[in-house]
There are 2 protein chains.
Amino acid sequence: MKLDSSFYMGLVIQQAWKYQLLAFPNPAVGALVLKNGEILSLEAHKKAGSAHAELEALKYAYLNKNQNIHTKILEKLENPFEISNYLLEHCKDFFKTCEIFVSLEPCAHEGKTPSCAKLLANLKLKKVYIGTKDINSVASGGIKILNEAGVKTELGVMQKECEDLLYPFRCWNGDNKNFIFFKMAQRLNGSVKGGYISSQDSLKYVHKLRALLSVLVIGGNTFRLDKPSLDTRFLNLKDRKNPNVFVYTRKNKNDFDKNIKAFKIENRKIEFGKNLEEVFEKNKFIMIEGTYSLLEKTYKNIDLLLLVISPKMQTEAKSLLKKNLDFELLYMQKNKDDIFLWLKPN
Amino acid sequence: MKLDSSFYMGLVIQQAWKYQLLAFPNPAVGALVLKNGEILSLEAHKKAGSAHAELEALKYAYLNKNQNIHTKILEKLENPFEISNYLLEHCKDFFKTCEIFVSLEPCAHEGKTPSCAKLLANLKLKKVYIGTKDINSVASGGIKILNEAGVKTELGVMQKECEDLLYPFRCWNGDNKNFIFFKMAQRLNGSVKGGYISSQDSLKYVHKLRALLSVLVIGGNTFRLDKPSLDTRFLNLKDRKNPNVFVYTRKNKNDFDKNIKAFKIENRKIEFGKNLEEVFEKNKFIMIEGTYSLLEKTYKNIDLLLLVISPKMQTEAKSLLKKNLDFELLYMQKNKDDIFLWLKPN
């Protein structure tokens with residue numbers, strides 16, 4: 001196996017996909033620090049407001065080689081500005097022999113977090129390998145900052161794969177200004193019937209997504225038959241945030257059983273109707289949960305299908321479609337017992 | 001991300017799965033060399049008779065840091081004994097600061113290739129991390145050789161994942177003395193109809209497998225309707241070896257169309273019948289190619305299902321089963337456009 005810059009960027013991409021969508025409205029980004037050829041850290045941006053991937057990678061790279069009574073302070077730091085200040089004050093020489101691999105051009109601007117490009121420039125890293133350019137008008141310009149400070153950069157390492165990783169962000173941050181994804185759980189043979197299909201770990205991931213949504217869209221039939229709560233109960237109390245719901249149906253609220261669990265959830269809006277266009281227009285981060293018939297109806301609208309497959313086959317299989325649907329497989333990962341496929345409609 | 005021995009063994013396992021089954025009758029094994037924390041090589045055993053994973057990793061580790069007029073010789077060496085001798089003669093001091101990660105205990109015995117354990121002992125590696133033990137009565141004993149030579153070993157790094165990687169080998173090398181796997185190609189929704197489902201890359205992998213088989217089993221209906229050649233035409237001329245075929249059917253040879261392509265292939269035996277038990281007993285490395293009905297019939301006999309999924313959905317979906325089938329997902333990988341799932345029947 002060739003151990004070139006693509007190899008290291010490949011690790012970065014793998015790490016970043018573990019947190020895909022979870023940093024909304026920020027992009028999924030990963031970073032790896034190499035010092036004299038040794039991998040010192042491999043990190044990702046995990047959540048909006050928390051440290052960017054580069055900052056996490058720098059922090060853990062330093063801690064990897066410096067474990068003493070003083071670095072106990074750094075270990076505990078979570079505030080991005082505090083981490084950044086610590087590194088600038090205490091660790092400057094350390095990074096002069098370090099290279100960093102980042103899937104996205106380091107941000108130029110200072111917002112909820114410090115500018116990663118300025119930090120890397122001040123720490124005088126040996127070289128910065130970058131997957132793809134930031135075209136966000138506010139955050140872009142990182143390469144310029146680095147080069148002006150004399151830091152070498154190499155752009156375009158695994159560019160296609162880094163663009164795939166960035167694709168959801170490009171949607172909600174681009175001209176469309178929103179991101180619509182479909183989440184479907186099924187078994188290997190397309191079977192979708194009956195209770196929980198996915199494992200607890202997969203459900204937890206879906207609940208993390210639900211907590212970030214602008215709106216959750218669900219089909220009227222599923223709403224009527226499954227009586228779902230559509231909540232985030234698998235998360236820790238402090239992380240729970242139950243999404244607003246749009247039920248795609250010709251019926252109205254009074255036609256549905258009052259005992260459907262979703263109605264009991266506080267601080268949530270539930271709307272009913274057929275006008276998906278309007279729902280898509282009004283919202284930024286939209287998950288549709290459903291199975292084949294709703295997928296077929298919304299195929300032309302969605303940016304991505306997250307297909308969660310449980311390694312089982314069951315007698316019932318309602319995967320019949322009226323037309324053929326083609327996808328590009330952007331990425332796949334094993335989530336404990338389940339298979340996660342990230343599919344872009346062709 | 002924790003950068004411990006499991007991280008490096010994880011890379012080894014990923015690399016080895018790329019060649020799963022292709023080294024038959026040898027096990028799939030991977031190896032990685034680390035020198036002062038830097039990854040110098042990441043290799044796998046690719047083919048029976050060629051260099052073992054450890055030898056490949058040692059060779060490329062040395063070449064990684066030594067590129068000169070003398071090492072041109074090493075670069076070109078493919079014979080395992082010649083590589084081994086070169087390393088012993090020219091590179092001894094180099095490896096004293098190296099650690100190696102191997103998914104399987106290095107072999108003790110000398111056969112078609114030199115003893116990896118003896119080589120690692122003679123090169124005086126700093127430490128050998130081992131995934132799982134070799135229980136093959138001929139090859140085992142590597143750890144003992146290493147320890148007696150004063151080389152430190154650590155056994156059990158990612159043991160479960162290394163056992164999963166080794167599982168096919170454990171079958172054909174164990175009490176059963178054979179390995180029966182089912183290969184099925186389908187689309188995301190379970191659809192299996194019509195011409196080629198998989199991509200060229202996937203077909204090439206399947207043809208590599210076909211060239212190694214003791215026998216290829218196929219259902220009578222598929223044989224009649226698809227008129228397949230069941231050959232290895234996607235391989236280079238020198239690698240082509242067309243498998244013997246067993247057609248699972250109540251009919252006999254004369255009931256089938258003489259123009260079925262498989263009949264035109266030279267140097268192959270085609271048998272017809274219903275006695276799968278006998279076929280399984282007589283053969284060591286058996287691939288069944290088929291779809292849902294044959295899978296259901298042979299589910300209790302097979303050791304593994306290799307499910308190749310194309311990222312498409314089609315209107316036709318014949319994935320109906322009479323009973324539920326459960327699997328453990330041993331591994332998954334992206335093979336260009338397709339999804340490879342390695343599933344062990346529960």
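Here is how names work: the chains are called A, B, and so on, in the same order as the sequence lines, proteins then strands, and each is numbered from 1. Here the structure is a predicted model, which is why all the values come from computation and not from measurement.
- Within a 6.0 Å sphere centred on CD of A/Glu75, other residues, nucleotides and ligands contribute more than 12 heavy atoms.
- For B/Gln333, the part sitting under 4.5 Å from any heavy atom of chain A is the backbone (N, CA, C, O) and nothing else.
- Note on A/Leu307, A/Asn64, A/Leu188, A/Asp337: by heavy-atom pairs under 4.5 Å with chain B, the leading option is A/Leu188.
- For B/Lys334, the parts sitting under 4.5 Å from any heavy atom of chain A are the backbone and the side chain alike.
- For a residue to count as touching a neighbouring chain, one of its non-hydrogen atoms must lie under 4.5 Å from one of that chain's; by this rule B/Asn36 touches chain A with the backbone only.
- With a threshold of 4.5 angstrom between heavy atoms, B/Leu329 approaches chain A through its backbone and through its side chain.
- Neither the backbone nor the side chain of B/Tyr60 has a heavy atom closer than 4.5 Å to any heavy atom of chain A.
- Note that CD of B/Glu38 is 9.0 Å distant from CD of A/Glu38, once rounded to the nearest 0.5 Å.
- Proximity to chain A (any heavy atom under 4.5 Å) is shown, for B/Leu32, by neither the backbone nor the side chain.
- Neither the backbone nor the side chain of A/Glu56 comes within less than 4.5 Å of any heavy atom of chain B.
- Each of A/Leu305, A/Leu343, A/Leu11, A/Ile39 has some count of heavy-atom pairs under 4.5 Å with chain B, and the biggest count is that of A/Ile39.
- The environment of NZ in A/Lys126 is sparse: at most 12 heavy-atom neighbours from other residues, nucleotides or ligands sit within 6.0 Å.
- In this structure, no portion of B/Tyr299 lies under 4.5 Å from any heavy atom of chain A.
- Taking CG of B/Leu321 as the reference point, atom CD of A/Gln314 lies at 9.5 Å (rounded to 0.5 Å).
- For B/Lys18, the part lying under 4.5 angstrom from a heavy atom of chain A is the side chain only.
- Of the residues considered (A/Asn324, A/Leu42, A/Leu295), A/Asn324 shows the highest number of contacts with chain B, using heavy-atom pairs under 4.5 Å.
- Counting non-hydrogen atoms of neighbouring residues, nucleotides and ligands closer than 6.0 angstrom, the NZ atom of B/Lys127 exceeds 12 such neighbours.
- Atom NZ of A/Lys300 has 12 or fewer neighbouring heavy atoms from other residues, nucleotides or ligands inside a 6.0 Å radius.
- Top candidate by heavy-atom pairs under 4.5 Å with chain A, chosen from B/Ile309, B/Leu341, B/Leu325, is B/Leu325.
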- request: Tell me, with the steps shown, if B/Leu3 and A/Leu40 meet side-chain contact (heavy atoms from CB on, under 4.5 Å).
  value: CA-CA 8 Å; B/Leu3 298 170; A/Leu40 294 193; 5.6 Å; no
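- By the ring pair (Phe, Tyr, Trp, His ring centres under 6.0 Å) test, B/Tyr205 is found to be paired with B/Phe340, residues two or more places apart in sequence or in another chain being considered.
- Both the backbone and the side chain of A/Asp326 come within contact range of chain B, judged by heavy atoms closer than 4.5 Å.
- Of the listed residues (B/Gln14, B/Glu296, B/Lys322), the greatest number of heavy-atom pairs within a distance under 4.5 Å of chain A belongs to B/Gln14.
- Comparing A/Glu43, A/Met332, A/Lys312 by how many heavy-atom pairs each has under 4.5 Å with chain B, the most go to A/Met332.
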